[in-house]
Amino acid sequence: MGPSVERKWQKKWLEAGIFEPEPDSGRKKFFITVPWPYTNSSLHVGHGRTYTTADIIARYKRLSGYNVLFPMAFHQSGTPILAFSERIRRGDKQTLQLYRDTLREYEKEEDIEKRIEQFKEPQNIATYFSERIVKDFNNLGYSIDWRSRFTSGDLFYQEFVKWQFRKLNSLGLIKNGEYPVLYSINDRNAVGEDDISDGDIDKVTIEEFTGVIFKGKDFSLIAASLRPETVYGITNLWISPDCSYVRFRMNEGTYVVSEEALEKFQYQHQGIEILGPVKESEILSSVFETPLEHRKIKAYTSSFVDPDNGTGVVYSVPGHAVWDYMAIKDAGLKLEPIKVLSLTGTDQSTVESLVKELDIHSLGDTDKIKEATQRLYKLEFYDGKMMENNGKFSGLGSEKARDGIKNELFQKEEGFIFYETSRKAQTRSGSKVIVAVLSNQWFIDYSVDWWKKASHEVVNSMFFYPEFYRNAMNDAVDWLRERPCARRRGIGTKLPFDDEWVIESLSDSTLYPIIYTNQPTISEIFHLLGKIPDEILEYVYNDGQEESIKHFDSEVVQLAKKARIAKDYWYGVDIRLTAAPHISNHLAFYIMNHAALLPKRDNPKGIIISGLLLANGAKISKSKGNAISLLKISTKFTADLYRLFVAVSADISSVLDWNETEIAAVRRKYESFVEYFNNEEAKVQSGNSQVEDWFLSKFNLHLREYFTRMDAFDIRGAYISVFYEVLNDLKYVENRGGNVYSCLGKIRDQWLKVMAPVIPHTCEEIWSSTGHTGFISAEEFSIAQVGRSEESVIITENYLQQTVTDLREIMKATGISPKTIDIEVCSNEVREAAAEMVENRLKDLPNNLKPLIPEFMKIRKNVNLEIADEFEILTRNREYMESLFGCKVNVSRAKVYPGKKNAWPGRPLIKLN
RNA sequence: GCGGAGGUUGCCGAGCCAGGUCAAAGGCGACAGACUCAAGAUCUGUUUCCGUAGGGGUUCGCCGGUUCGAAUCCGGCCCUCCGCACCA
């Protein structure tokens, strides 16, 4: 069935409002959410998987009799939309191209430039794409209640977020302090991944170096190191031969670093006074003291020193650093390496052994030296132990020693933190990116003990699918530390206690599902009052006392009561469904904010983590051009086919590959399903009541399996049972000469009902064309209503099939094409004897039947005493077998006395002639 | 390195938690047959090896162990993927 049929039903659903539930204390509720999409663009097949899965669950729960709330809203907080808009204003070619391509799907060619023009205003991007997403979602048949739709930028919502932050603050969970960020010098602004050239492909992170001070007579040198635990092994210093070094004052001291480093220093430290250039010879002729030990060392030049990395000064530990070791060799210096770390593991690699192993000859072998450095760094960090020459740090593991030495250096003012980017980076507009330390940064302090404890309790009380994510969730809660929660720019809510700051986009999106329960009412209050006072928010969302809102207008009080009732009925969220990358951020914040701020009863109840969706085996990304939009999905493939594919092709938890062959296979099955109903009126002359009974019994088994699996969120398993297996059974009925349409007639309504959560449009169409008036999407059906399965009927049919399989196997093994087949079913005597032997009463057997024992031992696993009348079954199906093998089949009862080879219960004796 | 997931028969992918009924579901692909002028679709069968009688051998990353019995439980090893963050 095509898109036009789907549109028809979507329209009818919307008009009838069947997905717009009201609180009803007489009915059990089910509340499912998926994180709101970010509205900088349209969504693609990959995004669709989670929303589709959620919709299937929502529809299933409705079928099972729940009052289901499945809402949706839109996210627009943060910087990306601003950044895109800004790039459009600037005429950035790549961005324009991206948006033109996206718009081409939705707009007429002549309207595209008009739209792009509007996108210079960020809000227009958000509004435009939320509209598209609503349409795309409707086109996929999602049973979303749109009445509670809102965005993270809405003013009424900002009132809620401010309330949330005031509460966090009053609990002492908001902190203020310094924080390093990636920063563009030219733009004088913090930069995000989107702003950095290739930032999405090659991530730039902030690395924390330890700046180590080497005191000299006229000035001190500062070297930056990632491995301060090696200071006891320092033999000398390195500077770059072609670099300008600069002298400056900071905190009473006089220091020298490279010109580039000084620029970075100025963004990380206050009160720097530049004194002027220093000659290389001045540095080389000076003597410096190592920190802690105060040994005298000298500085030398070496080509490997990069003025723009760290401070442009490197301290040299040839005993543990390959660069230093090679540099000393290259320079022909007579400096003996000092070993300060030994290894505890089996791998006993050293600088020397690695140089040999990787065949490193000079400083020119950069790649090899990098590899060796990498290996040694990891090895010594995790396996290293400080040797006896490390003062009070002797004997410590290197991780502990690093922290200890770092602190010691800081205390003695021989060191400080110096931030550096993990790689050299520039913004898309080409200006240099460095690390700057911002003061007055706001944090949410997720490290507080009571908070972590409360959060673990929530996690452990929740439902997880797959279950192993519970651990990941607990880990994520443990990992969380202080998180910057506000930025200088971006769309969103201003911090209530410091309006210079905008609440960052993940931090403003933790409690919002609660808004879904009563959005229209709460925003009405906002419109009446122009704000939402805390008393009302407390009353509605946090079990506040009615007393505290009595002073408001009765209209407001009535609304607040209504909002409260809705929230009490619907909240907490029964299932939140999303992809794995959300665990360590959004989901953790979501759980923790609930744990801290809302009553226990309203805590999240369950999380389902959906796997990735690939397109033809590859990760989907817009830049790769393999992102198929949801619009295209609904027009080119149809919603039902996509939904069926999502349901049936992979378990929720595993990777799903959207590829042509698989789609074609699912499509064929889907078409044969529809085909059956199209031909329902067709007549088949002969009926075969045995297969039909069998079919009905099997169908009921499939239904039971369906409900059991769906209740456990095994959507795939459930639909394999009720879709693939029922289709196969129908085919089987056909081959066995049964009347498919009589079978179909008996199961039709039930079959459609269980299929409707996945292919709702198709089912509605068939449902209405077969004389039903209401919507199938509003029908209920449960396991209690499933009919009986006659076990004996199924056993009979299995017996027949086993006999056929045996016949085939014999033919295959012997290569005989028989003219006639004789089948002998077992005699009553043998049957009784077999029953004895199955019970292990061999001795009680009459003597004349004892010769059966050896044969029984051999074939006992094939003996089946459950089959009623084998002779009757085989006789009844003689024609079937004859048509199957194209020869005459004789069925007879075996003689009384055992022969050389005997017929057994469930295993007739077969002879090919 | 730490944490998590996993390695199943040509491919994808169930089974493993609750050991036997597992040569191991389902799909894809391949092969053969039916239908067809033909192709496609559809249907039937085969798809680890051996086998002139429904049987047997060898398989579920590798090596051991527990058990009457292990794809399933335990220990060790090898390998792959994901996360290790402040980014939506």
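At the heavy-atom level, A/S505 lies under 4.0 Å from the strands shown only through sugar-phosphate atoms. When heavy atoms are screened at a 4.0 angstrom cut-off, A/N585 is found touching base atoms of the nucleic acid. At a threshold of 4.0 angstrom between heavy atoms, the contacts of A/N735 are confined to the sugar-phosphate backbone, with no base atom among them. Among the heavy atoms of the strands lying under 4.0 Å from A/E504 are primed sugar atoms or P, OP1, OP2 only; no base atom is included. At the heavy-atom level, A/H586 lies nowhere under 4.0 Å from the strands shown.
Ring geometry, A/F463 versus A/Y465: the interplanar angle falls under 30°, so the pair is classed parallel (tilted spans 30 to 60°). Using cut-offs of 30° and 60° for the angle between ring planes, the A/Y99 and A/F129 rings count as tilted.
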Are any protein N/O atoms closer than 3.5 Å to N/O atoms in nucleotides 54-58 of chain B? If there are, list each pair with its distance.
from, atom 1, to, atom 2, distance (Å)
B/G54, O2', A/D806, OD1, 2.9
B/G54, N7, A/K901, NZ, 3.4
B/G54, N1, A/P908, O, 2.8
B/G54, N2, A/D806, OD2, 2.9
B/G54, N2, A/P908, O, 3.2
B/G54, N3, A/D806, OD2, 3.2
B/G55, OP1, A/R907, NH2, 3.1
B/G55, N7, A/E809, OE2, 3.3

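Among the nucleotides B/G29, B/A88, B/U52, the one closest to the side chain of A/L506 is B/A88. Nearest to the side-chain atoms of A/H75 among the listed nucleotides B/C86, B/U47, B/A88 stands B/A88.
Comparing the same atom, C1', in B/U8 and in B/A23 gives a spacing of 12 Å after rounding to whole Å. Rounded to the nearest Å, the gap between the P atom of B/C63 and that of B/G55 is 30 Å. For the P atoms, the distance from B/C60 to B/A25 is 16 Å, rounded to whole Å.
Two residues are said to be in side-chain contact when any heavy atoms from C-beta on lie closer than 4.5 Å; A/F713 and A/I608 meet this criterion.
Residue A/K731 has a polar side-chain atom (N or O) positioned under 4.0 Å from OP1 or OP2 of B/C43.
Remark: B/C31 base-pairs with B/G45; criterion is Watson-Crick or G-U wobble with both hydrogen-bond distances under 3.5 Å.
Atom CD1 in A/I609 sits about 14 Å away from atom P in B/G83, given to the nearest Å.
A/S649 places no side-chain N or O within 3.5 Å of a backbone atom of A/V646 that could act as its donor or acceptor partner.
Between the side chains of A/Y446 and A/D478, no donor N or O sits under 3.5 Å from an acceptor N or O. Side-chain atoms of A/D508 and A/S77 form a donor-acceptor pair, as typed in the model, at a separation below 3.5 Å.
Residues A/Y670 and A/F645 place their aromatic rings such that the two centres sit no closer than 6.0 Å.
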